[in-house]
Amino acid sequence: MTAAAADALLQDGLSCQVDSDLAPQFQVGNLVRAKVTHPKTYTRLPRYVRGKVGTIMKDHGVYVFPDTVGQRLSTKPQHVYSVRFAAQELWGPEVPSRDALYLDLFDDHLEAL
């Protein structure tokens with residue numbers, strides 16, 4: 001990569017979004033559970049949400065899957081969703097009931113309820 005190409009990349013960014021007609025596995029409003037998994041390799045699924053229930057709030061579209069790309073495997077395109085987790089679901093009844101955490105998670109990180 002040339003210095004000019006690197007500068008252009010830093011200025012414009014790099015999109016990992018994929019132009020695809022891949023059907024989403026989940027719809028806005030669906031309840032989902034973050035999968036309980038313990039991979040020996042990289043994952044974008046935080047431990048503190050594994051096994052926790054959330055709600056699909058938005059479908060961002062199809063992107064390459066960083067869990068496989070980081071291992072130099074397939075791009076494995078899939079939908080990315082904004083998932084709302086109630087703070088009490090994650091950290092217990094001591095936290096305010098109106099608080100929530102929104103995470104962007106991939107199809108492979110979620111399971112239907």
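The figures here come from the full heavy-atom set of this structure, side chains too, leaving out hydrogens, waters and symmetry mates.
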| Mind checking what makes side-chain contact (heavy atoms from CB on, under 4.5 Å) contact with S82, not counting sequence neighbours? | M57, K58, H60, Y102, D104
| query | How would you list, by chain and number, every residue that makes a side-chain hydrogen bond (donor to acceptor under 3.5 Å, both in side chains) with D99, sequence neighbours excluded? | reply | none
| Are the side chains of L113 and V53 in touch, meaning some heavy atoms are under 4.5 Å apart? | yes
| query | How far apart are the C-alpha atoms of L45 and L105, what are their side-chain angles, what is the distance that settles it, and do they pass the side chain to side chain contact (heavy atoms under 4.5 Å, CB included) test? | reply | CA-CA 7 Å; L45 179 60; L105 298 173; 4.0 Å; yes
| query | With ILVMFWY side chains joined below 4.5 Å, transitively, what does F65's cluster contain besides itself? | reply | Y63, V80, F106
| request: Flag yes if L31 and I56 sit in one hydrophobic cluster, no otherwise; membership is Ile, Leu, Val, Met, Phe, Trp, Tyr, and two members link when side-chain heavy atoms are under 4.5 Å apart. | output: no
| query | Do H79 and D59 have side-chain N/O donor and acceptor atoms under 3.5 Å apart? | reply | yes
| Taking the side chain from Q78 and the backbone from V62, do they hold a donor-acceptor pair closer than 3.5 Å? | no
| task | Under the side-chain contact (heavy atoms from CB on, under 4.5 Å) rule, collect the residues that match up with P39, sequence neighbours excluded. | result | T37, T41, T43, R50
| said: So which atom in P96 and which in A87 form the shortest heavy-atom distance, rounded to 0.1 Å? | reply: O-CB, 4.5 Å
| Of all pairs that satisfy salt bridge (charged side-chain N to carboxylate O under 4.0 Å, His left out), the ones with a partner from residues 19-34, not counting sequence neighbours | R33-E111
| request: Would you please name every residue forming a side-chain contact (heavy atoms from CB on, under 4.5 Å) with Q27, sequence neighbours left out? | output: P24, N30
| said: Could you check whether any side-chain heavy atom of L110 comes within less than 4.5 Å of a side-chain heavy atom of Q25, counting everything from C-beta outward? | reply: no
| Does anything in residues 17-55 pair up under ring-ring contact (aromatic ring centres under 6.0 Å, His included), and if so which pairs, sequence neighbours excluded? | F26-Y81
| task | Could you walk me through whether K52 and E89 pass the side chain to side chain contact (heavy atoms under 4.5 Å, CB included) test, one step at a time? | result | CA-CA 7 Å; K52 305 298 183 179; E89 170 75 3; 3.7 Å; yes
| said: By the salt bridge (charged side-chain N to carboxylate O under 4.0 Å, His left out) test, which pairs, at least two apart or in different chains, include something from residues 75-87? | reply: K76-D108
| query | What are the two closest non-hydrogen atoms of P66 and R44, and how far apart are they? | reply | CG-CG, 3.4 Å
| said: Could you report the tightest heavy-atom contact between L103 and P46, atom names first, then the distance? | reply: CD1-CG, 4.1 Å
| remark: Nearest heavy-atom approach of P77 to V18 is CB-CG2, 4.2 Å
| query | V83 versus V32: any side-chain heavy-atom pair under 4.5 Å? | reply | yes
